[in-house]
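Following: one structure in structure tokens, then a few remarks.
In this text the structure is predicted, and so the values were computed from the model without any measurement.
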Amino acid sequence: MVTLDNVSKTYGQETAVAPLSLTVASEQTTVLIGPSGSGKSTLLRLMIGLITPDAGQVTFDGQPLTPATVQDARHRMGYVIQEGGLFPHLSARRNVTLLARHLGWSEDRIAARVEELTDLVQLAPDRLAQRPDDLSGGQRQRVSLMRALMLDPAVLLLDEPLGALDPLIRADLQGDLRAIFQELQKTVVLVTHNMHEAAYFGDVIVLLRQGQIVQQGPLQALLETPSEPFVTAFIQAQRHTLLSSDGAA
């Protein structure tokens, strides 16, 4: 669905992504994890075309991302960032429906989709009239997810979507998110720094360091056959979070 072929990205003297290749499997959740500055968020922005690689090629559904194709590709991708990234001057409903209105959807079609998504993300319908500042952190993330899903995208890209939430709200939303992923059978790429989250969501885990892929595969492979000592050291540093995951440890 999404392929990065020998892609690299630098900012001045800093290498954000060293030359790497990655294929995101369809209808699976791929988790990008690694230390701060390892290139996780940069990879996500490359996938959606918010930035362009210095070298290599990003392909979406068999078509290279170029200035001519990136806008259409973005309409088939949903993007969620930390703290939601909602427009503060718009109501939740307006945030959710902004792109659909821009594309000329009818009011009936918009209303039906909003009702469907409100039920899917378990948001109280009266919250849609509120502006983001009047919503809780968890409610803002539910609205942000609704916005990302509004056009029924083929791919969901989530950059630390739960990182700013307190532990109780985070745990609650984790369960809801995984249920949504399983129900929709979307292709999902999720960035996190939390190994428990990676274990909880990931069909495939991609461990990064200094802009390079150290190892990728199911969690069990990283645990049992680490490619190098860094893999074991990284996992052991978060071992206490793994012990609370669903049998992962």
Side-chain angles (χ1 to χ4, degrees), residues 27 29 31 41 44-45 48 50 71 73-194 196-198 200-202 244-246:
E27 298 184 9
T29 297
V31 176
S41 295
L44 215 63
R45 290 195 287 270
I48 199 170
L50 292 177
Q71 201 63 42
R74 284 181 190 161
H75 292 168
R76 299 180 58 207
M77 300 183 192
Y79 187 46
V80 179
I81 64 174
Q82 193 176 56
E83 298 190 61
L86 301 174
F87 295 109
H89 62 292
L90 298 179
S91 68
R93 181 183 293 274
R94 281 286 178 178
N95 268 281
V96 170
T97 63
L98 190 63
L99 187 53
R101 293 181 186 280
H102 175 72
L103 294 176
W105 283 29
S106 70
E107 289 299 325
D108 287 347
R109 184 182 180 190
I110 288 173
R113 183 62 175 161
V114 169
E115 182 178 357
E116 180 181 2
L117 291 173
T118 303
D119 182 63
L120 178 70
V121 305
Q122 300 183 48
L123 180 75
D126 63 343
R127 298 291 88 190
L128 291 172
Q130 305 298 311
R131 291 187 178 183
D133 286 348
D134 298 320
L135 301 174
S136 69
Q139 289 168 342
R140 285 194 294 272
Q141 285 304 86
R142 292 175 195 274
V143 172
S144 184
L145 183 59
M146 287 176 64
R147 182 174 64 179
L149 289 170
M150 182 69 192
L151 302 186
D152 194 18
V155 176
L156 269 178
L157 306 174
L158 302 101
D159 193 353
E160 296 273 12
L162 310 179
L165 303 179
D166 70 55
L168 287 177
I169 294 174
R170 183 174 185 147
D172 185 47
L173 199 49
Q174 279 178 347
D176 291 344
L177 268 181
R178 188 163 75 166
I180 289 169
F181 295 166
Q182 291 172 345
E183 178 178 344
L184 298 181
Q185 292 294 295
K186 297 284 186 186
T187 300
V188 178
V189 183
L190 185 145
V191 166
T192 183
H193 66 275
N194 183 293
H196 166 65
E197 243 168 43
Y200 188 71
F201 287 113
S244 63
S245 66
D246 293 344

Under a 4.5 Å cut-off applied to non-hydrogen side-chain atoms, are [X] and [Y] in contact?
| X | Y | result |
| --- | --- | --- |
| Ile180 | Glu183 | no |
| Leu120 | Leu145 | no |
| Phe181 | Leu158 | yes |
| Trp105 | Thr97 | no |

Supply the atom-to-atom distance [X] [atom1] to [Y] [atom2], rounded to the nearest 0.5 angstrom.
| X | Y | atom1 | atom2 | answer |
| --- | --- | --- | --- | --- |
| Ser41 | Leu157 | OG | CG | 11.5 Å |
| Arg127 | Thr118 | CZ | OG1 | 12.5 Å |
| Arg131 | Leu86 | CZ | CG | 13.0 Å |
| Tyr200 | Leu190 | OH | CG | 12.5 Å |
| Leu50 | Tyr79 | CG | OH | 5.5 Å |
| Arg113 | Met146 | CZ | CE | 9.0 Å |

Quick check against the 3.5 Å criterion: does [X] have a side-chain atom that pairs as donor or acceptor with the backbone of [Y]?
| X | Y | answer |
| --- | --- | --- |
| Arg76 | Ala154 | no |
| Gln185 | Gln182 | yes |
| Glu160 | His193 | yes |
| Gln174 | Glu197 | no |
| Asn95 | Ser144 | no |
| Arg93 | Val114 | no |

If I compare all heavy atoms of [X] with all of [Y], which pair ends up nearest, and what's the gap?
| X | Y | result |
| --- | --- | --- |
| Pro153 | Lys186 | O-NZ, 2.6 Å |
| Asp159 | Arg45 | OD2-NH1, 4.4 Å |
| Ala129 | Ser91 | O-CB, 3.9 Å |
| Val121 | Arg142 | O-NH1, 2.8 Å |
| Ala100 | Met150 | CB-CE, 4.0 Å |
| Pro132 | Pro88 | CD-O, 3.8 Å |

Quick one, Leu44 with Ile81, criterion side-chain contact (heavy atoms from CB on, under 4.5 Å). Give me CA distance, side-chain angles, the key distance, then yes/no.
CA-CA 10 Å; Leu44 215 63; Ile81 64 174; over 6 Å; no
Does CZ belonging to Arg94 count more than 12 external heavy atoms closer than 6.0 Å?
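No, the 6.0 Å shell around CZ holds no more than 12 heavy atoms from other groups.
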Contacts of type side-chain contact (heavy atoms from CB on, under 4.5 Å), residue Gln71, not counting sequence neighbours:
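So Gln71 forms a side-chain contact (heavy atoms from CB on, under 4.5 Å) with Arg74, His75.
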